[in-house]
Amino acid sequence: MTSKTKQYWLMKSEPDEFSIDDLAQRKNQIEPWSGVRNFQVRTWIKNSMRKGDLAFFYHSSCKIPGVAGIIKIVSDAYPDPTAFDLQSDYYDPKSNPQKPTWYCVDVQLVKKFPRFVPLQELRATPALHTLRILERGSRLSITPVTEKEWEIIVELGSRNQQMSIL
DNA sequence: GCCAACGTTGGC
DNA sequence: GCCAACGTTGGC
């Protein structure tokens with residue numbers, strides 16, 4: 001895949017493990033997106049993702065799941081070092097540096113949305129009915145997002161907070 | 001290569 | 001904590 005059109009992704013992380021605020025505190029606000037252990041996602045990382053692609057930072061498996069902000073892919077794919085690290089939860093004895101099974105990219109924070117976009121709201125937005133993570137049984141930790149979906153979610157996340165009308 | 005059993009994901 | 005859905009494993 002070498003087309004120059006913009007590509008967008010949605011990347012899930014459990015905020016208890018690694019949240020958008022954790023990313024904001026990293027040096028240069030950059031962190032390796034490691035630990036992907038699914039072959040389909042691995043292949044996307046390796047063959048489709050490109051430096052410069054944008055992605056949503058999605059908080060999953062938490063009280064209010066949803067899109068927290070925007071990150072950028074700032075490296076090419078490289079072998080996931082956690083797969084070789086005996087101390088890591090993501091250690092995989094079947095992967096080795098000579099022939100790595102798993103890959104990762106570095107991501108950089110672009111911005112945290114002024115307004116968190118809950119999953120509930122994604123579901124309630126008809127124009128987003130094609131969004132991959134809304135599909136029944138969808139479990140992939142990284143999924144492609146269309147340009148149209150991208151723009152709609154950016155708009156939702158950029159809206160001013162609703163004024164309280166008490 | 002089939003498929004049952006098991007493990008994981010992730011919303012609720 | 002439950003459970004549906006999916007991926008992986010391993011016996012045959």
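None of the values given here were measured: they were computed from a predicted structure. Throughout, a chain's letter reflects where its sequence line sits, starting with A, and its residues are numbered from 1.
With B/dG10, C/dT8, C/dG7 as the candidates, the nucleotide lying closest to the side chain of A/R139 is C/dG7.
Residue contacts for A/R123: at a heavy-atom cut-off of 4.0 Å it reaches the sugar-phosphate backbone alone, with no base atom in range. Residue contacts shown for A/K94 are limited to sugar-phosphate atoms, with no base heavy atom under 4.0 Å away.
Between the CG atom of A/L140 and the P atom of C/dT8 there is a distance of 10 Å, rounded to whole Å. The distance from atom CD of A/Q120 to atom P of B/dC12 is 7 Å, rounded to the nearest whole Å. What separates CZ of A/R37 from P of C/dT8 is a distance of 13 Å, to the nearest Å. In this structure, the CE atom of A/M11 is 16 Å from the P atom of B/dT9, given to the nearest Å. If you measure from atom CG of A/D92 to atom P of B/dT8, you get 13 Å, rounded to the nearest angstrom. Distance CG (A/L134) to P (B/dC12): 10 Å, rounded to an integer number of Å. Atom P of nucleotide B/dT9 and atom CD of A/E17 are separated by 10 Å, given to the nearest angstrom. A/D89 places its CG atom 16 Å from the C1' atom of B/dT9, with the value rounded to the nearest Å.
Regarding contacts with the backbone of B/dT9, every side-chain N or O of A/K12 stays at 4.0 angstrom or more from both OP1 and OP2. Put simply, A/Y90 has no side-chain N or O that comes within less than 4.0 Å of OP1 or OP2 on B/dT8.
In summary, A/R37 and A/D80 engage in a salt bridge, as defined by a charged side-chain N under 4.0 Å from a carboxylate O.
Ring pair A/F39/A/W102: centre-to-centre distance below 6.0 Å.
If you run side-chain contact (heavy atoms from CB on, under 4.5 Å) between A/M11 and each of A/W33, A/F56, A/F57, only A/W33 comes through.
For the residue pair A/T82 / A/D85, no side-chain donor-acceptor distance below 3.5 Å is found, with atom types taken as modelled.
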